[in-house]
Structure formats: structure tokens, C-alpha cells
Amino acid sequence: MPEPTGASNFIRDIVAADHAAGKHGGRVVTRFPPEPNGYLHIGHAKSICLNFGIAHDTPGGLCHLRFDDTNPTTEDPEYVRAIQDDVRWLGFDWQDKMFFASDYFEQLYDFAVRLIRKGKAYVDNLTAEEMRAYRGTLTQPGKNSPSRDRSVDENLDLFRRMRTGEFADGTHVLRAKIDMASPNINLRDPVLYRIRHETHYRTGRTWCLYPAYDYAHPLSDALEGITHSICTLEFEDHRPLYDWVVEQAEAPHRPQQIEFARLNLTYTVMSKRKLLELVEKKLVSGWDDPRLPTIKGLRRRGYTPEAIRAFCDHIGVAKRDAIVEMQLLEHFIREDLNKRVPRVMAVLRPLKIILDNYPEDQFEELEAVNNPEDPSAGSRKVHFSRVLYIEQDDFREDPPKQFFRLTPGREVRLRYAYIIKCIRVTKDPQTGEVIELRCTYDPTTKSGASHEQRKVKATIHWVSASHAVKAEVRLYNPLLVTDLAKVPPDHDWTTYLNPNSLERITGCLVEPSLRQTVPGTRYQFERLGYFCTDSDSASGTLIFNRTVSLKDAWAKIEKTHASR
RNA sequence: UGGGGGAUCGUCUAGCGGUAGGACGCCGGCCUUUGGAGCCGGCUACCUAGGUUCGAUUCCUAGUCCCCCAGCCA
């Protein structure tokens, strides 16, 4: 990515101004600080694009990848691996700047001792419930803990013993001594350290004392020389605490925290808690379920890093809460895939047609363009023969107004092939279902052969019955039937899951060129949408995921017909 | 009824006292061997009320509405 990656926004403006003014010694260092307790989603991509993008576009700029692993109960190396993989896949490079907050535990401990010596922190042995009671409420000030005036020596001794494992979980915490009457609740002597007799995925049993976010984060930033610590809006009123910690600990640097609004998308979930719930309750197949807005899910679904980056650049960065429409994301993947992926013919719901006047033992190989947007993509041969399959949707015995496709007695063109006419409809005598069409083809209308005068209203796709390959296709619809923001928070959000979010279609037929496809390969199935070979394909049967449909003018017309 | 933030087209977003712009979406049209793509045109917005000013989305005042904060999560 040699070119600048992102549009201007208020954070880029601040960073650029600071850089121009020589603030922070002319350095610009950002960081992306995930906690390894879940998989990354597109909201993280926004932050990744912002942080890595700023570093990329600033001369000498750097962006650290830092795992904020201060809670041993939820974190796992599986997540560390997945996060690295996703950041890399998105196209970003942390060079040698990968860090772990857990590597700072010793230094963080020393800073805490300094705070205690300065009388800025104390060990408290109130229970969690007592502490809540002492904290006061939004409108009433809190009360000082009885432990608040312990001597420095006693605090030092207690804190040392907290570290050596003398105390049980929850019996003691280290608290900042700030102001129990502060109107900002975050400043009412927040917890800095808590005891957790747990195995940490990196430090093992070395520690039973773990730093809290509000303590570890600013100091990790300071230790790494982060200049601009970019986070989301909910941390805005933590900023005074962030600044307090850095100042009172006499940290080597003073990073600047800047907040922006997190990304929300319509008809999906973006909270780690909810995503975890879906995975754990097996409401989806895993973190990479293509219905999920996780990076892994989007990737399996067929999204490209380029499209995700373009999306992130275009949604902007601001401070107002926003819900971006899914159609915008879809726009960027269509735009990207339209230019780069080969066209191919596939029939999802086959309807057999027989060309009565086409010799039974004959077949042809017709020239098909691979990508009209990209002449260098070349062309391929497609097999044509007497028995074909077309899409059930492309035939109507009793066509509604504006339906241009095949109907009894009407002509349409078969893509890359001939004009055909439907002369007879065969139905199942029991169900009345259309099971076969008899057609004739016009040999003078071969695609590209001449500039025939005949105009047909539609061109439809098809596959040759004797050449086509069977496949399964998975269609994805929105995860939710509504936006959670519009719904009362009190009842179970999973009741708003879309029961039709996954539609599996078996018995699809695809052109034989797809026989050797490998998982992850993307195509446009002509007139249907963009698809990619699923990883489950490895087992033998071909399986394709629909990344996104093509824009469908007819569906729109039909919808307005229906609503009249 | 404490504190911190935020209000601009349907949805995102620009604007920094001087004609409210862009993208998505939507609606028309052109074009088309994908009802795709492309092209052209159109649609719709400054939370309210006062004030300052020649002029206010922008500055001031008073409201209204929305979001966040009372984890030993991050």
C-alpha cells in the first residue's frame, strides 16, 4: 500500500497538526490494542484502518500491535493467533512492533509501588459489594473506605503480600487514591489491581495479581511511546483517569487519548459478548460463520481486504453514534469483485429444457468472455448441447407485467449461445409443477457470429446437462430481523435472529470449469451474484458461498408489484 | 434531578461567518448478448427558540432529544 490509505477525519487532522508542530518530538506512534478474548470483527477493522492508516501515511509513523492481556480468565492464545492472522490478512504490517501488556507486569508493579510511596494508592479490603455501596451513585458522592488512610508502609507490605499469593481472590485490591466525591465516577478511587489465582496464557502462574484496564492501558501506551492513543467513545470519561495514571506514575511519555464512535452495522451484531454467545450456543457454525461480521466470517464469505478497507475509508471517523447501512458494505464488495473476478455460469434451481431441433449426438464449445470489465482475463469454452438447464426463476408460464424472460411462445437468448423459443411446457400431472420445457433454437443466432437484427428482451444463463457439475450453494441473509438498537434491551436479543439467515441449496449445477476450484476462489455467477468456494468444498462436493447478490432490478420490480 | 459526549439528506459524512458538498440508497432515462457493469438526470438535510451580524449549519443564550458512566470487564 504505497498510496495514502484513508480520507481525512478529525483524528487524522489532530495527528497531522501535532506532527507538523513537532509535538512528541515529531514522532507519530499509534497502536491497535485488542484483548485476546475473541475474534476481530469489522468494527475492529475500522480501528485497524485508522491506526495503521495514520502510521502508514505519516513519515516515520509506526503502529504497534499490542495484546491487552490483563485478564487471565478470558484470554487465550487461539485468539492471539487469529488476531494476528486477521490484521495481516487485512493488509497491515506491525513490523517488529508486537507487544503484550503481560510483558509489562513487572514494570507495572513497580509503578504501583511508586504510587503507594507517593500516597496515591492504597490497599483496600472492602468486599465488591461494600465497594459498590461506598462508591455512591450518579447523583450522590461516595464515601471514603476505612482503608483509605492506611500508612504507606502498611500498604507496601499488603501489596507485596498480595503479590506473593497470601490472600484469596476478591479479598484485597489496590485502589488509586483520587476523590470519592468526584462527579466522574471513574475517579472515585478506581481499582488498579485485583487478585486472581488463575493461570495466564502467557505468564502462567507467575502472577496472582493482575492490573486493571484503566491502569495497565495508559502505562502500556506510555511505555511504548505511543503518541496518539485512539479509542472509542465509552472511554471518553476515563480520559482524566488515563491522564492521572500517566502523570502520577511519572511515566516516561504522555500519550494523548482521542475517542471516536465505534462502527455499528444494520441487521447484525458487533459486540464481542454477543458474538461469543452465538459461537458458544452454536447458533452459528463458528467464528468464521459467513453470516457473522467477523473478519474470519467476511473472509470465508468472500469479502476481500480491499473492499473492507475501502469501506472503512468511506464511512468516516467522527464522534456521533451511527449505524451504517449494510448496503454500503455490499456496495464496496460488489465494486471490487466486479473488476476482478471471472464470470461463470451456474444454475441454482435447475429447470430442464430440451432443444427439439438440436441433434441428439451433437455438442459445441462456445466462446465465453471471462470478465467484460477486464479484457486481459481472456475467454473460455462452454459446452452446449441438446439438453440444458436454466434457472427456474427465468421461466414463467403466466408472466407478470415487465417479466422479460422465458415464457411459452417467447424468445430469449441463451448467454454466449443462441436464441431459443419455448414451444411446450411439461408439468407434473400430480403437482402441476413445471418439470420440463421443450424449445427450439435458431442456429443463425449464434453469439457473436453476426450482428443479427433480432432483438430479445432477455439473456439468461444455462448449463449443459451432460457437462454440468453438481454443487451446493449457500445463500446468506441478514443475521437479524431488526436492528437491536431499535428494540427494548430487556428481552433476549437472540429472538431477533433471522431464522432464514442461511439458505442451503443442493442440486445446483455449475459449468465444468469449476470442477477444480479451490476454497477461497471468487467468481461471479452470471446474473446471480458473487460467490466463493467454501472451505467445506475440500471434502469432495463443491460448495459455494454467496458473498453478495448482484443488484437485481427485476426483484425490485416484482416487489413493487407485490406491494400494490 | 451528577458527570462526560453528540445532534447536517432515508443512511454515513464534509463544512471552521459568505450559494449546504460527496458517497450509499431511492426515483427516472440512456446503454447493454448479465434486468449486472457503465453513463446521464433527479430526490431529500442544518434539533427548537431567541440573540449577535450586512450575512449564522458555523458565534452566544435558553431549551429539546440521543448516547456513555455506579465491573475486582475492556
Side-chain angles (χ1 to χ4, degrees), chain A residues 7-9 33-35 37 68 70-71 73-74 124 126-128 131-133 135-142 169-175 181-188 190-196 210 212-214 216-217 231-240 259 261 263 266 272-273 311 314-332 334-335 338-339 343 345 369 371-373 402-405 412-417 419 445 447-448 452 455-461 485 524-530 549-557:
Chain A
S8 161
N9 58 58
E35 184 190 11
N37 67 348
D68 211 352
T70 57
N71 185 351
T73 60
T74 57
D124 200 350
L126 249 30
T127 65
M131 233 207 263
R132 193 179 316 126
R135 189 151 34 225
T137 68
L138 293 178
T139 51
Q140 287 167 277
D169 288 9
T171 57
H172 295 71
V173 291
L174 184 74
R175 291 232 253 169
S182 173
N184 181 346
I185 291 184
N186 297 298
L187 263 21
R188 317 240 262 232
V191 169
L192 267 23
Y193 271 94
R194 72 281 207 191
I195 297 170
R196 288 254 196 288
Y210 290 92
Y213 168 87
D214 281 319
H217 199 88
C231 64
T232 43
L233 251 30
E234 67 270 27
F235 295 106
E236 210 152 17
D237 50 16
H238 291 236
R239 197 187 327 131
E259 311 84 11
L263 170 67
T266 54
K272 272 188 166 186
R273 204 207 95 234
F311 171 74
H314 282 82
I315 53 175
V317 176
K319 294 194 74 163
R320 73 185 81 108
D321 294 311
I323 306 181
V324 176
E325 290 176 339
M326 195 61 95
Q327 289 98 300
L328 188 61
L329 215 209
E330 293 181 343
H331 162 78
F332 285 105
R334 284 194 187 103
E335 182 179 71
N338 177 47
K339 282 179 258 166
R343 273 60 172 169
M345 291 199 287
V369 163
N371 186 347
E373 305 292 320
Q402 294 179 82
F403 183 86
F404 300 154
R405 280 110 91 145
V412 296
R413 173 172 289 283
L414 292 179
R415 181 78 161 147
Y416 306 121
I419 290 177
T445 58
S447 181
E452 69 277 354
K455 288 285 177 194
V456 290
K457 291 274 251 182
T459 297
I460 64 175
H461 61 277
Q524 183 194 101
F525 288 1
E526 291 215 41
R527 302 207 308 129
L528 297 175
Y530 297 96
S549 68
L550 247 28
K551 283 206 260 176
D552 189 344
W554 166 242
K556 205 173 277 183
I557 293 165

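To find a chain, count down the sequence lines: A is the first, B the second, and so on, and within it residues start at 1.
A donor and an acceptor atom never sit less than 3.5 Å apart when one is taken from the side chain of A/R527 and the other from the base of B/U34. In this model, no side-chain donor or acceptor of A/T459 finds a partner on the base of B/U34 within 3.5 Å. Side-chain to base pairing of A/Q524 with B/U34: one donor and one acceptor N or O lie within less than 3.5 Å of each other.
Atom C1' of nucleotide B/A74 and atom CG of A/N71 are separated by 8 Å, given to the nearest angstrom. Note: NE2 (A/H314) to P (B/U13) measures 14 Å, nearest angstrom. Residue A/E234 contributes atom CD, which lies 13 Å from atom P of B/A74 at whole-angstrom precision. Per the geometry, CZ belonging to A/R188 stands 10 Å off C1' belonging to B/C69, to the nearest Å. If you measure from atom CG of A/L328 to atom C1' of B/C24, you get 5 Å, rounded to the nearest angstrom. In this structure, A/K551 places its NZ atom 15 Å from C1' of B/U32, rounding to the nearest Å.
Taking atom P in both B/G4 and B/G63, the straight-line distance is 16 Å, to the nearest Å.
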Walk along nucleotides 2-10 of chain B from 5' to 3' and tag each nucleotide B, S or - by protein heavy-atom contact under 4.0 Å, base first, then sugar-phosphate. BBSSSSB-B
Produce the list of close N/O pairs, under 3.5 Å, pairing protein atoms with atoms of nucleotides 39-45 of chain B; give distances to one decimal.
none

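Rounding to the nearest 0.5 angstrom, the gap separating the CD atom in A/E373 from the CD atom in A/Q524 is 9.0 Å.
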